[in-house]
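Each chain gets a letter, A, B and so on, in the order its sequence line appears, and its residues count up from 1. These figures come from a predicted structure and were not determined experimentally.
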Amino acid sequence: MKALFHFFTSVRLAIVLLIIIIIASVLGTLIPQGRSAEEYLVRYGQLGGILERLRFTRLYQSFWYISLLASLGLNIVVCTLTRLTPKIRRGFRPLVEADPKNIQALKIKERFRLTVEPGAAKEAVKKELARRRYRIKESTSEGRISLLARKRVFGWFGSDIVHMGLLVILTGGVVSGLFGLKQSLSFVENQTLPVLEANFSIRLDRFITEYYPNGSVRDWKSDLTVIEAGRPVRQKTIEVNHPLTHQGYVFYQSGYGWDWQNPTLQIWAKKSSDPSYLRKLSVKVGEKVALEEENLKVSAVRFLPDFVLDEKRQPGTRSLEPNNPAAFIEGWKGEERIFSGWIFARYPDFSRLHGAKEPDLSFELKDTKAPQYSVIQISKDPGVPFIWVGCSLLMAGLFLAFYWPTREVRLVIEESGGKSEVTAGGISAKSQEAFRQEFSDLMSAARKTT
Amino acid sequence: MSEATFFLLTFILYILAAVCYFVFLFSKKEGSAKAGFTLAFLGLLLHTLALILRTVESGHAPFTNMYESLSFLAWSSVLAYLIIEWKYRVRRAGAYFLLIVIAFMALASSPLMPKEAAPLVPALQSYWLWLHVSVTLIGEAFFAVAFITSIMYLRAEAREKRGRMSGTGPSAEKLDSISYLAVAVGFPLFTLGGLVFGMAWAYKAWGSYWSWDPKEVWSLITWFVFALYLHTRIVMGWKGRRSAVIAIIGFLAAMFTYFGVNYLLSSLHSYV
Ligand code: HEM
């Protein structure tokens with residue numbers, strides 16, 4: 001137990017862990033994560049199975065990777081705590097008395113005589129220290145005056161605050177992993193859907209896509225209403241980067257799509273013999289509409305938003321974007337189907353109607369309208385407050401560690417024949433150069449005042 | 001004058017500054033180094049104007065495609081270098097450092113980088129774009145300074161080992177401490193911009209602060225490498241050669257985060 005404890009106090013372990021975590025993390029970015037077994041088989045052959053078994057394919061969620069992070073966390077706890085108690089003692093209840101011999105052993109030091117008695121020497125030195133914002137503690141024993149002057153003592157604890165911040169962040173990660181909820185909902189307008197494990201529902205009142213003049217998407221906006229016990233209690237328009245928060249649940253605009261199951265098609269019928277002839281039909285998929293004077297009915301049988309022929313030359317859709325909308329239509333006279341074929345919105349010349357007994361008639365797919373749905377991601381993540389607190393500690397600690405260098409000056413004043421023998425030394429872990437300069441200024445000022 | 005003109009003038013000034021710094025390497029005349037500093041500073045001013053014009057013309061932050069972001073990285077790098085030179089007088093680094101800047105500028109001007117300002121996709125319309133990208137890139141610029149001074153350290157150390165003093169150049173020890181000082185600025189900035197602001201924005205836009213996306217993982221890797229740099233130095237007293245090697249690896253990791261993830265790995269972050 002003790003051995004284990006010691007093992008975890010060592011910074012050497014931290015370094016080994018950091019190196020292993022770095023290598024593991026690199027691997028995880030080189031192997032695509034979270035794909036299907038077939039894909040790994042194609043990509044890596046036999047090796048694929050091994051990678052999956054070792055969880056290299058879901059590396060960041062794997063037990064061994066999380067254990068590495070947890071070990072680093074444990075390492076930080078033990079490492080910081082074992083150092084903290086002596087550090088706090090030294091920070092807040094320091095030993096003021098010093099032995100001139102120890103001061104002489106410091107890197108930054110000076111020894112000189114002042115021609116006044118120790119009491120006056122002390123006052124002179126204290127004045128100079130105070131001018132430079134040092135806080136001074138003193139003690140006298142055996143006729144020897146010891147001064148301990150320090151400033152920016154908090155800088156000392158910078159690294160500990162950084163480490164605590166990291167622990168809080170790691171804790172947040174654990175809380176998120178254990179208690180975080182995530183759900184993705186697709187709404188069409190006026191649809192109300194219950195929120196997972198919550199006592200309220202959400203209704204989408206309106207969904208719009210805004211475009212730039214060049215046609216690219218500018219924003220998606222969803223007007224949401226929160227409904228509690230059947231009553232609307234809150235309303236907000238959410239857009240990307242502007243979520244709605246309600247009772248710890250956050251609603252994000254995450255995407256959009258079209259409900260291609262129920263499109264309405266605008267089809268124009270024309271006649272080559274009569275340029276002035278134009279009939280505009282509005283058809284839903286599965287419906288038949290009449291083209292009256294022709295004694296004809298037209299039906300839309302199938303619709304594909306992004307028409308493509310697959311390897312077997314069967315029609316399919318490449319995506320859910322309306323990149324190449326196409327409709328399969330049929331013409332009926334009574335019970336007889338007289339023509340059928342695909343018509344294309346983008347490529348009217350490609351339309352081919354087979355078995356047309358009315359060669360005079362042609363059809364164009366002018367427009368397609370489908371209800372748009374809004375994809376809204378819902379998350380409830382109680383780990384989040386930990387993350388922000390941890391990040392604040394982290395940044396505060398970094399500031400203290402790098403830009404709030406603690407400085408410590410120790411002096412011992414001894415009496416020798418009515419005069420004072422001063423031994424002074426300084427300690428600063430950071431910004432040595434600047435401190436050396438300040439120390440020597442301080443000493444020459446102290447000499448001059450008497 | 002248009003943004004493109006300012007950009008070109010800036011590029012020319014940086015090249016001239018590099019030439020002056022190289023002349024200084026050989027002639028050892030302070031004057032050339034001072035001229036290099038002045039030219040680089042003038043370049044920085046023009047570059048600032050170019051970025052402001054870009055912002056005004058496009059109506060959004062000047063780092064939404066690779067051209068803009070490289071230009072901003074070059075700007076941050078010059079800024080970081082001038083601050084470090086001004087504070088710590090490492091003139092000899094100027095020549096080498098400006099080579100990196102010129103490489104960024106050249107990449108930005110290459111015909112492979114589309115330069116039109118495209119309208120912002122919805123995910124990027126946020127003030128976090130400013131905070132996240134600018135602070136991260138400025139942090140990385142300081143890592144670039146540490147990268148150059150670390151390489152110079154390795155050369156100076158090799159020279160000093162062979163018994164020759166470093167001549168007029170800074171001593172190996174000074175280069176080592178400048179690398180540390182650059183990391184000491186870069187690390188908090190990178191932490192704030194890359195990790196903290198990154199998480200805040202991800203939470204705001206995607207609903208989760210961390211997704212183990214390759215760009216996030218590589219930022220974390222970069223950050224861990226510099227954490228390694230700090231700990232081996234502070235706690236284990238590593239200095240010099242080993243520290244320099246870690247700083248070099250750290251900057252290369254940062255550059256992989258910046259370029260590699262966009263071009264070699266697929267990522268949620270592929271806006272640029
Ligand atoms: C990713 C994880 C870590 C980060 C980001 C981190 C960050 C830091 C920072 C910024 C400092 C101050 C450095 C300086 O003053 O120049 C520091 C110091 C230190 N860290 Fe860490 N740390 C991490 C993990 C660890 C671990 C696991 C240990 C324990 C074994 C550890 C032990 C120490 C010690 C002993 C110091 C010196 C404390 C001092 O002298 O004030 N750190 N750390």
Could you walk me through whether W206(B) and Q377(A) pass the side chain to side chain contact (heavy atoms under 4.5 Å, CB included) test, one step at a time? CA-CA 8 Å; W206(B) 301 329; Q377(A) 188 182 307; over 6 Å; no
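- Within the 4.5 angstrom heavy-atom criterion, atoms from both the backbone and the side chain of S208(B) approach chain A.
- Looking at D219(A), the atoms closer than 4.5 Å to chain B (heavy atoms on both sides) sit in the backbone and in the side chain alike.
- At a 4.5 Å heavy-atom cutoff, the contact between S379(A) and chain B is made by side-chain atoms alone.
- Within the 4.5 angstrom heavy-atom criterion, no atom of I238(A) approaches chain B.
- If you look at Y60(A) and W210(B), their ring centroids are not closer than 6.0 Å.
- The parts of L120(B) that come within reach of chain A are both its backbone and its side chain, each placing non-hydrogen atoms under 4.5 angstrom from that chain.
- Only the side chain of I21(A) comes within contact range of chain B, with at least one heavy atom under 4.5 Å from a heavy atom of that chain.
- Heavy atoms only, all atoms of each residue included: P188(B) and L398(A) are closest at CA-CD1, 3.9 Å.
- Per-residue heavy-atom pair counts under 4.5 Å with chain A were compared for L220(B), V185(B), V225(B), and the maximum is reached by V185(B).
- Interface remark: Y211(A) contributes no atoms to any contact with chain B (heavy atom separation under 4.5 Å).
- Atom-to-atom distance recorded for T191(B):OG1 and F399(A):CZ is 14.5 Å, nearest 0.5 angstrom.
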Applying side chain to side chain contact (heavy atoms under 4.5 Å, CB included), run through Q125(B) and V240(A) and close with a yes or a no. CA-CA 8 Å; Q125(B) 297 165 20; V240(A) 184; over 6 Å; no
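- Side chain of Q253(A) to backbone of A205(B): no donor-acceptor contact under 3.5 angstrom is found.
- With chain A as partner, the option from T232(B), V235(B), I221(B), L230(B) having the largest number of non-hydrogen pairs under 4.5 angstrom is I221(B).
- You'll find the side chain of V217(A) stays beyond 4.5 Å of the side chain of V121(B), heavy atoms only.
- Scanning both residues, A184(B) and Y403(A), for their nearest heavy atoms gives O-OH, 2.9 Å.
- Annotation: maximal heavy-atom pairing with chain B below 4.5 Å, among R218(A), H242(A), E239(A), occurs at R218(A).
- Under the 4.5 Å side-chain criterion, counting only non-hydrogen atoms from C-beta, W212(B) is in contact with Q61(A).
- For chain B, no part of E210(A) is nearby; none of its heavy atoms comes within less than 4.5 Å.
- The contact between I15(A) and chain B is made by backbone and side chain atoms together, counting heavy-atom distances below 4.5 Å.
- For F251(A), no part lies near chain B; criterion is any non-hydrogen pair under 4.5 Å.
- Using a 4.5 Å cut-off between heavy atoms, Y209(B) contacts chain A through its side chain alone, with no backbone atom that close.
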Residues I234(B), K430(A); criterion side chain to side chain contact (heavy atoms under 4.5 Å, CB included); working and verdict: CA-CA 10 Å; I234(B) 288 271; K430(A) 297 283 167 61; 3.7 Å; yes
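- With rounding to the nearest 0.5 angstrom, the CZ atom of F224(B) is 10.0 Å from the CG atom of L17(A).
- Contacts of A253(B) with chain A are absent, with no heavy-atom separation under 4.5 Å from either backbone or side chain.
- Looking at I378(A), there are no atoms closer than 4.5 Å to chain B (heavy atoms on both sides), in backbone or side chain.
- Around the NZ atom of K239(B), the shell of radius 6.0 Å holds no more than 12 heavy atoms that belong to other residues, nucleotides or ligands.
- For the atom pair CG (D213(B)) and OG1 (T29(A)), the distance works out to 10.5 Å, reported to the nearest 0.5 Å.
- Residue with the most contacts toward chain B among K182(A), Q432(A), Q33(A): K182(A) (heavy-atom pairs, distance under 4.5 Å).
- Between L195(B) atom CG and I387(A) atom CD1 the span is 11.5 Å, to the nearest 0.5 Å.
- Side-chain contact, N241(A) with W128(B): no donor N or O sits under 3.5 Å from an acceptor N or O.
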Checking Y203(B) against V250(A) for the side chain to side chain contact (heavy atoms under 4.5 Å, CB included) test, could you report, in this order, the C-alpha distance in whole Å, the side-chain angles of both residues, the deciding distance, and whether it holds? CA-CA 10 Å; Y203(B) 181 65; V250(A) 193; 3.5 Å; yes
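- Interface residue M199(B): backbone and side-chain heavy atoms are both found under 4.5 Å from chain A.
- Proximity to chain B involves both the backbone and the side chain of V26(A), based on heavy atoms less than 4.5 angstrom apart.
- Interatomic distance, NE2 of H231(B) versus SG of C79(A), reported as 7.5 Å (0.5 Å rounding).
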